[in-house]
Structures are given as C-alpha cells and as structure tokens.
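Here the structure is a predicted model, which means the values were calculated and not measured.
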Amino acid sequence: MREISVNGQKRTATGKKASKLMRKEGLVPCNLYGEKRGENGLPVALSFQVSYSEIRKAVYTPHVYVVNLNIDGEQHKAVMQELQFHPTTDALLHVDFYEVNETKDITIGIPVKLNGLAQGVRDGGKLNLSIRKINVTAPYKSIPEVLDVDVTSLQLGKAIKVGQLHFEGLKLATSPEVVVCSVKATRASRSAAAAAEAGK
C-alpha cells in the first residue's frame, strides 16, 4: 500500500459547535482508534484535527493509503476507516482513522483492476465492472495497491464473482457471491450470433 504523511493537532473541544467552527477555519475534525480501551472495553478515540488542504490528497484519489499521522509530535500509522461528507455539497466533514501495525490484520477496500481483452468482448460483448473495490483482510504490509483480475477467458454472458478469485496472503472479506465483472451481450453480438446460427 502507498503511504502518505499528514500533520494533526490534538483537540479538546468536541461536539457539533466546535466542529462547525473548525471547518470554517479550514480544518477537519478526526478521531484515531487504536489498541487503547476504556473501562467498558470499547476503543478510546484520540480526537484531533487536520488541515483540509493536507487531508484532501489522501481522500480525493483512487488510491488507498496508509497514513503516517504526526499528531503534536506523536507518530501513528493508520488507515482511514470512515469518512463523512456533507449530503449536498460533498464537503468532507469528519474522518475516523484506525491505527495499524505490521502484525495486526486490517480489513480495507482495495481497487479492482481488470487486465486483458475478454473473449466475450472479442465476440462483440461489452465488459462491465460491477464493483470498484473488494474488501480484503491482512496485515497492511501484505496488502497491494490494486487487485489484478485477468478477464482474458471471460465469455459472453458470463461473470466473475469474488468467490472465484484468489490473492496470495489475502483473505477476501466481500461476499463470494458478489459479481466483480461480466460481459453482456450487445446488439452487435446478438446479430453476429444470429448470423452464425443461420449459416450453419
């Protein structure tokens, strides 16, 4: 996985009013969840803020990053677990980070990359990508930047499901029945099939 560095500052003021003021100043409220647990056994969040101009490079991108957080001089490695956007303006409102290390498994969505020219496309069909990311579970150092899926032998009218895929060292967390991609018939492919049938 790619890595990116972001600086943050701890925040003491929380709640809607404080968060609103923060955003007006070009800051984004964040929480970092890690190993630390409270008396109730639930994870304790470290509340901090980052500059929107810094965090946007990790958010508005097709890539998935491990984020090297520098929070008031404290170093943390984390992945973005949940992002909240404004429903109408799409502005980034809040980010939850999850701390990682080299041995602990994480579950994260990794982009799918289709490789090859599908047989079904050669026969006049159209290749459709149904999901852009597949959730995988592994230590972050074992997780690739993309998941390469070979579609060369994919026939017209057929699909590749998550359950048919295997990636070394990764456990697939997306349901095995989910369709990754398929080749659908087009008018041209149906005409070619009909012509071939008529010529027999």
Side-chain angles (χ1 to χ4, degrees), residues 1-6 33 55-69 76-85 90 92 95-200:
M1 288 175 70
R2 297 185 182 208
E3 298 196 13
I4 195 168
S5 296
V6 173
Y33 295 92
I55 195 67
R56 71 185 303 277
K57 59 193 176 188
V59 174
Y60 300 102
T61 171
H63 306 297
V64 180
Y65 287 102
V66 171
V67 183
N68 295 309
L69 289 171
H76 303 270
K77 272 193 186 294
V79 292
M80 290 184 289
Q81 194 78 354
E82 188 177 339
L83 296 94
Q84 293 174 20
F85 296 92
D90 249 7
L92 182 63
V95 182
D96 279 342
F97 287 89
Y98 182 70
E99 195 156 17
V100 299
N101 61 45
E102 292 186 15
T103 59
K104 182 169 64 176
D105 281 357
I106 61 168
T107 299
I108 194 165
I110 299 299
V112 173
K113 183 185 176 191
L114 304 182
N115 295 320
L117 179 62
Q119 182 59 50
V121 173
R122 287 192 185 127
D123 295 336
K126 184 182 178 185
L127 183 64
N128 289 308
L129 178 64
S130 302
I131 54 169
R132 297 195 176 277
K133 290 183 179 181
I134 294 175
N135 292 331
V136 303
T137 302
Y140 83 89
K141 287 242 173 182
S142 302
I143 297 176
E145 290 179 19
V146 295
L147 297 174
D148 289 301
V149 177
D150 183 10
V151 298
T152 311
S153 59
L154 188 58
Q155 303 283 334
L156 192 63
K158 300 295 182 182
I160 295 174
K161 294 183 178 181
V162 171
Q164 296 168 252
L165 301 175
H166 173 76
F167 302 96
E168 190 68 37
L170 302 180
K171 188 190 296 178
L172 302 185
T174 298
S175 168
E177 290 304 309
V178 171
V179 171
V180 177
C181 61
S182 59
V183 177
K184 294 189 176 175
T186 60
R187 188 179 296 171
S189 67
R190 283 192 286 266
S191 299
E197 191 65 32
K200 283 183 181 179

Less than 3.5 Å apart, which donor and acceptor atoms pair up between the side chains of residues 104-122 and the rest of the protein, not counting sequence neighbours?
unit_1: Lys104; atom_1: NZ; unit_2: Glu35; atom_2: OE2; d: 2.8
unit_1: Lys104; atom_1: NZ; unit_2: Glu99; atom_2: O; d: 3.1
unit_1: Thr107; atom_1: OG1; unit_2: Thr137; atom_2: OG1; d: 2.7
unit_1: Asn115; atom_1: ND2; unit_2: Asp148; atom_2: OD1; d: 2.9
unit_1: Gln119; atom_1: OE1; unit_2: Arg122; atom_2: NH1; d: 3.3
unit_1: Gln119; atom_1: NE2; unit_2: Asp123; atom_2: OD1; d: 3.2

What distance do [X] atom [atom1] and [Y] atom [atom2] have between them, rounded to the nearest 0.5 Å?
{"X": "Ile131", "Y": "Cys181", "atom1": "CD1", "atom2": "SG", "value": "9.0 Å"}
{"X": "Leu147", "Y": "Thr174", "atom1": "CG", "atom2": "OG1", "value": "9.0 Å"}
{"X": "Asn68", "Y": "Lys77", "atom1": "CG", "atom2": "NZ", "value": "3.5 Å"}

Steps toward side chain to side chain contact (heavy atoms under 4.5 Å, CB included) verdict (Val64, Lys133): CA-CA 10 Å; Val64 180; Lys133 290 183 179 181; 4.0 Å; yes

Any side-chain heavy-atom pair of [X] and [Y] under 4.5 Å:
{"X": "His63", "Y": "Ile4", "result": "no"}
{"X": "Pro144", "Y": "Leu170", "result": "yes"}
{"X": "Leu92", "Y": "Phe85", "result": "yes"}

Contacts of [X] that satisfy salt bridge (charged side-chain N to carboxylate O under 4.0 Å, His left out) - sequence neighbours left out:
{"X": "Lys141", "value": "Glu102"}
{"X": "Lys57", "value": "none"}
{"X": "Arg132", "value": "none"}

Contacts of type side chain to side chain donor-acceptor pair (under 3.5 Å), residue Thr103, not counting sequence neighbours: Asn101

Residues that Glu82 engages under side chain to side chain donor-acceptor pair (under 3.5 Å), provided they are two or more places apart: none

Working for side chain to side chain contact (heavy atoms under 4.5 Å, CB included), residues Gln81 and Phe97: CA-CA 5 Å; Gln81 194 78 354; Phe97 287 89; over 6 Å; no

When the side chains of residues 151-167 are checked against the rest of the protein, which donor-acceptor pairs come out under 3.5 Å, sequence neighbours left out?
unit_1: Thr152; atom_1: OG1; unit_2: Asp150; atom_2: OD1; d: 2.5
unit_1: Lys161; atom_1: NZ; unit_2: Glu177; atom_2: OE1; d: 3.2
unit_1: Gln164; atom_1: OE1; unit_2: Lys161; atom_2: N; d: 2.8

Residues in side chain to side chain contact (heavy atoms under 4.5 Å, CB included) contact with Ser142, at least two apart in sequence or another chain: Ala138, Pro139

Atom of Tyr140, atom of Val100 and distance for their closest heavy-atom approach: CD2-CG2, 3.7 Å

Atom NZ of Lys126: over 12 foreign heavy atoms under 6.0 Å: no

